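Everything on this sheet refers to the single structure shown next.
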Protein chains: 2
Amino acid sequence: MLEPISPSPPALASRPVGKEHSPLRDKVAGEIRAAIQAGVFKPGDRLVEDRLAEQFGVSRNPVREAIRTLASEALIEVTARRGAVVASLSPQEAEELLEVRATLEGANARLAARRRDPKTIDQLKEILARGSSAIEAKRVDELAALNDAFHTHLAQAGCNRVLVDLMKTLRDRSGPLFRGIGLEFATESWAEHASILRAVIAGDAELASLLAYRHVLNAGTRRPPEEAG
Amino acid sequence: MLEPISPSPPALASRPVGKEHSPLRDKVAGEIRAAIQAGVFKPGDRLVEDRLAEQFGVSRNPVREAIRTLASEALIEVTARRGAVVASLSPQEAEELLEVRATLEGANARLAARRRDPKTIDQLKEILARGSSAIEAKRVDELAALNDAFHTHLAQAGCNRVLVDLMKTLRDRSGPLFRGIGLEFATESWAEHASILRAVIAGDAELASLLAYRHVLNAGTRRPPEEAG
DNA sequence: ATTATGGATACTGTATACAATCTCTTGGCT
DNA sequence: AGCCAAGAGATTGTATACAGTATCCATAAT
């Protein structure tokens with residue numbers, strides 16, 4: 001998670017002839033994002049450029065560019081000449097965020113139900129099944145990834161790229177709210193996923209929209225206001 | 001628009017002791033943003049770091065950071081090792097973008113109607129009146145700014161900061177679609193603003209939402225698919 | 001003519017250096 | 001003891017340098 005980023009995955013012999021390697025700023029941004037999602041970097045933690053640069057084995061420049069990107073995603077908060085800290089969600093902000101997410105998830109579910117793309121629906125069924133198994137077997141740790149997969153594929157089913165990108169950003173941003181969720185919560189949440197998918201398959205756009213909207217708000221209310229900013 | 005950015009507005013004698021000056025990256029980002037909105041930089045135009053740095057009288061570093069920010073806002077498109085170009089909106093993308101904008105404007109109008117903040121409503125009335133005058137006097141050039149002001153204040157009336165920021169970003173992003181609008185279009189659009197505000201004042205949340213939603217979509221359909229990407 | 005090939009040029013990616021500013025501590029004063 | 005000031009250290013802001021790629025054009029071969 002916090003190890004140096006080799007200039008390129010040293011695949012075979014030596015391949016400094018970068019061909020399909022992404023810029024360091026992207027790798028760094030990805031690492032920091034992952035660290036925030038995983039809770040390695042907690043809300044309020046300072047992100048010191050020198051420190052990050054050293055940890056990743058790069059210069060400060062890619063780090064600074066990564067910071068700008070993450071700031072635009074509201075995952076971190078940057079104050080001029082004072083540096084960046086991991087964003088905190090005040091109860092107020094959390095509520096606002098969930099309201100917007102709910103609205104967009106609702107709009108997307110409506111689109112998905114109108115479209116009913118068989119391929120994507122099959123993938124959603126598959127994910128749903130895997131989630132159910134995980135819950136039955138009480139493998140809670142897998143559920144965060146499966147939840148993300150479900151929402152990602154549902155977004156794809158809506159087939160609106162602007163919406164896909166926005167929902168992903170908002171989902172990442174609201175991530176800290178849902179870390180370390182219990183089995184009980186996960187079960188309810190997963191049942192809601194099933195209902196949403198049923199409505200989508202049935203082509204019931206308004207029901208799908210309403211269920212998706214409430215799914216997000218429900219998730220918020222199940223979780224008491226915490227993580228003050 | 002494209003003149004050098006002095007390290008700080010050279011107010012009095014010399015004030016290198018920066019106190020309330022913003023970083024160059026922000027000024028540069030602002031300048032580029034403005035240039036895109038104003039049509040000085042057109043969709044597809046390349047943004048060469050060296051060139052920008054020289055034009056603004058700064059080094060490439062602030063320019064690069066500004067580019068990351070603008071890329072996150074989807075105002076420009078960056079390809080690794082190939083640089084940045086001003087974003088183009090394909091008809092498909094434009095439609096998707098307007099659908100999302102309409103959804104969010106609708107959600108926001110609903111919130112605004114529930115809240116009915118007197119102060120903000122007064123400001124909206126004022127803006128509406130000024131726009132009407134401008135239309136009567138056929139001062140079309142003022143309308144872009146007034147339109148933005150109306151939507152900005154309507155967003156404030158909704159009182160959801162997440163929504164405010166998102167809608168602003170999407171509005172900027174859809175800006176190129178509405179450049180150089182005719183008086184006829186502006187008149188229709190402004191009449192819709194009046195209806196929305198009436199619904200908000202009446203506290204009719206569902207009507208306000210519907211009108212705001214349609215207002216955005218109407219604006220899109222009045223304008224034939226153009227600006228291919 | 002068309003397509004390859006080579007190299008020159010332009011541009012982006014990354015690192016390093018220095019300046020400006022902030023933060024925190026130390027010392028002195030009341 | 002408590003508070004203000006000065007200075008040292010830490011950190012961000014900006015500029016510059018160089019390396020790695022991409023792009024373009026001239027030239028040559030088919």
Side-chain angles (χ1 to χ4, degrees), chain A residues 4-11 13-32 41 44-72 76-87, chain B residues 4-11 13-32 41 44-72 76-87:
Chain A
I5 300 172
S6 43
S8 188
S14 79
R15 186 152 49 42
V17 272
K19 197 56 190 173
E20 72 305 300
H21 83 134
S22 53
L24 292 182
R25 59 168 178 272
D26 293 339
K27 301 185 184 179
V28 170
E31 293 287 329
I32 298 176
F41 293 159
D45 283 358
R46 280 197 66 181
L47 297 180
V48 179
E49 297 171 5
D50 262 333
R51 208 174 269 280
L52 293 170
E54 194 181 13
Q55 286 180 337
F56 294 132
V58 303
S59 78
R60 275 176 57 211
N61 244 338
V63 172
R64 283 176 68 84
E65 295 185 15
I67 285 176
R68 299 313 149 217
T69 298
L70 297 171
S72 290
I76 65 179
E77 290 163 7
V78 175
T79 308
R81 264 162 277 110
R82 289 200 187 168
V85 301
V86 177
Chain B
I5 300 171
S6 41
S8 189
S14 80
R15 187 152 52 40
V17 271
K19 197 58 189 173
E20 73 303 302
H21 84 133
S22 54
L24 291 183
R25 60 170 178 269
D26 292 338
K27 300 185 185 179
V28 170
E31 293 287 330
I32 297 176
F41 292 160
D45 283 359
R46 281 197 65 181
L47 296 180
V48 179
E49 296 171 5
D50 263 332
R51 211 173 269 281
L52 293 170
E54 195 181 12
Q55 286 179 337
F56 294 132
V58 303
S59 78
R60 274 177 58 211
N61 243 336
V63 172
R64 283 176 68 83
E65 295 184 14
I67 284 176
R68 300 312 149 219
T69 299
L70 296 171
S72 290
I76 66 179
E77 290 163 6
V78 174
T79 310
R81 265 161 278 111
R82 287 202 187 165
V85 300
V86 178

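Just so we're on the same page: letters track the sequence lines, and every chain starts at 1. Since the structure is predicted, the reported quantities are computational estimates derived from the model, not experimental observations.
Of all the heavy atoms in R25(A) and A66(A), the pair that sits closest is O-CB, 3.6 Å. Listed here is the closest heavy atom pair of A84(A) and V78(A): CB-CG2, 3.8 Å.
When the P atom of dT12(C) is taken as reference, atom CD of E65(B) falls 16 Å away, rounded to whole Å. For R68(A) and dT12(D), the CZ to P distance is 10 Å, given to the nearest whole Å. Rounded to whole angstrom, the span from the NE2 atom of H21(A) across to the P atom of dA19(D) amounts to 16 Å. R25(A) places its CZ atom 10 Å from the P atom of dT12(C), with the value rounded to the nearest Å. Note: CG (N61(B)) to P (dT14(C)) measures 12 Å, nearest angstrom.
Within the nucleic acid shown, R64(B) comes within 4.0 Å of at least one base atom, counting heavy atoms only.
Between V28(A) and L52(A), the closest side-chain pair of non-hydrogen atoms is not below 4.5 Å. You'll find the side chain of R68(B) stays beyond 4.5 Å of the side chain of I67(A), heavy atoms only.
Under 4.0 angstrom from either OP1 or OP2 of dA22(D) there lies at least one side-chain N or O belonging to R81(B). Between R60(B) and the phosphate of dT12(C), there is no side-chain N or O to OP1/OP2 separation shorter than 4.0 Å. Contact between the side-chain N/O atoms of S59(B) and the OP1/OP2 oxygens of dA15(D) is found at a separation under 4.0 Å.
With sequence neighbours excluded, the residues forming a side-chain contact (heavy atoms from CB on, under 4.5 Å) with V85(B) are R46(B), E77(B), listed by chain and number. When the side-chain contact (heavy atoms from CB on, under 4.5 Å) test is applied to R60(A), the partners found at least two apart in sequence or on another chain are E49(A), D50(A), A53(A), R64(A).
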What N/O pairs connect the protein and nucleotides 8-11 of chain C at under 3.5 Å? Give each pair on its own line.
residue, atom, partner, partner atom, Å
dC11(C), O3', R46(B), NH2, 3.4

